[in-house]
Amino acid sequence: GAVVSQHPSRVICKSGTSVKIECRSLDFQATTMFWYRQFPKQSLMLMATSNEGSKATYEQGVEKDKFLINHASLTLSTLTVTSAHPEDSSFYICSARRRDRDVLGGYTFGSGTRLTVV
Amino acid sequence: RKEVEQDPGPFNVPEGATVAFNCTYSNSASQSFFWYRQDCRKEPKLLMSVYSSGNEDGRFTAQLNRASQYISLLIRDSKLSDSATYLCVVNLYNQGGKLIFGQGTELSVKP
């Protein structure tokens, strides 16, 4: 089946530093990658949508200069949290849509990254 | 108003019980619907899609009422392993296929 490998699974960083999270589709091509954030006891909130080779589209209220998304290939998308602060501590998770599926299905989630900023 | 709203929970039920979750969505352009299951500190996993005619998968039955913009999930003969958070999800086809998640309903099945 389709697998998305997300790394790191857990990261602790100091306030003010940047953290990069990678999502790789291992056995399929992902034309679209969705990035979500989930705070404790809350739902997954969509941060941005990226299509391979083009700029990401950010949801309202998400700072594009703080959350840098790169989707340079059909198998790799990255999210960089720049100048991280404690309020950025959250569970970040990616979801890839397969190239061979339409917009109604074919989503595969990464295993998530738990970011703690101290 | 949230785009997808669910029962607040948590639901604490004994093994063998039948439990029902409700969900409403506000965007009438929503095209497809799902129930996901999320275990603590893990990624969500697709439980089942929801079709207009209603569909069943073993002990799980999902219903969709497009006119009322209402989705439900029924779990029969609850097992301990059913303990998780259940997420109601809608797909916005006209917005590039974004998945919008409800806040989730926590289920705890006790022996």
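- Residues of residues 50-87 of chain B lying under 4.5 angstrom from chain A, judged on non-hydrogen atoms, are B/Leu87 in numerical order.
- The aromatic rings of B/Phe34 and A/Tyr107 sit perpendicular to each other, their planes meeting at more than 60°, with 30° as the lower class boundary.
- Both the backbone and the side chain of B/Leu99 come within less than 4.5 Å of a heavy atom in chain A.
- A/Thr82 contributes a side-chain N or O that, together with a main-chain N or O of A/Asp65, makes up a donor-acceptor pair within less than 3.5 Å.
- Using a 4.5 Å cut-off between heavy atoms, B/Gln6 does not touch chain A at all.
- For chain B, the nearby part of A/Gln38 is the side chain; its heavy atoms alone come within less than 4.5 Å.
- Side-chain atoms of B/Lys2 never come within 3.5 Å of backbone atoms of B/Gly102 as a donor-acceptor pair (strictly under, hydrogens ignored).
- For a residue to count as touching a neighbouring chain, one of its non-hydrogen atoms must lie under 4.5 Å from one of that chain's; by this rule A/Thr49 touches chain B with the side chain only.
- Contact of A/Ile93 with chain B is made through the side chain alone, with heavy-atom distances under 4.5 Å.
- Residue contact with chain A, scored on non-hydrogen atoms closer than 4.5 Å, involves the side chain of B/Tyr36 exclusively.
- Taking the six-membered ring for Trp and thresholds of 30 and 60 degrees, A/Phe34 and A/Tyr36 have ring planes inclined between 30 and 60 degrees apart.
- A/His71 places a side-chain N or O within 3.5 Å of a backbone atom of A/Ser73 that can act as its donor or acceptor partner.
- Smallest separation of non-hydrogen atoms from B/Trp35 and B/Cys23: CH2-CB, 3.9 Å.
- Put simply, the side chain of A/Gln6 gets close to the backbone of A/Tyr92: a donor and an acceptor are under 3.5 Å apart.
- A/Glu22 and A/Arg24 are joined by a salt bridge, as a carboxylate oxygen and a charged side-chain nitrogen come within less than 4.0 angstrom of each other.
- Here A/Leu44 is the residue among A/Thr108, A/Leu46, A/Leu44 with the most heavy-atom pairs under 4.5 Å with chain B.
- Between the side chain of B/Thr105 and the backbone N or O of B/Asp7, at least one donor-acceptor pair lies under 3.5 Å.
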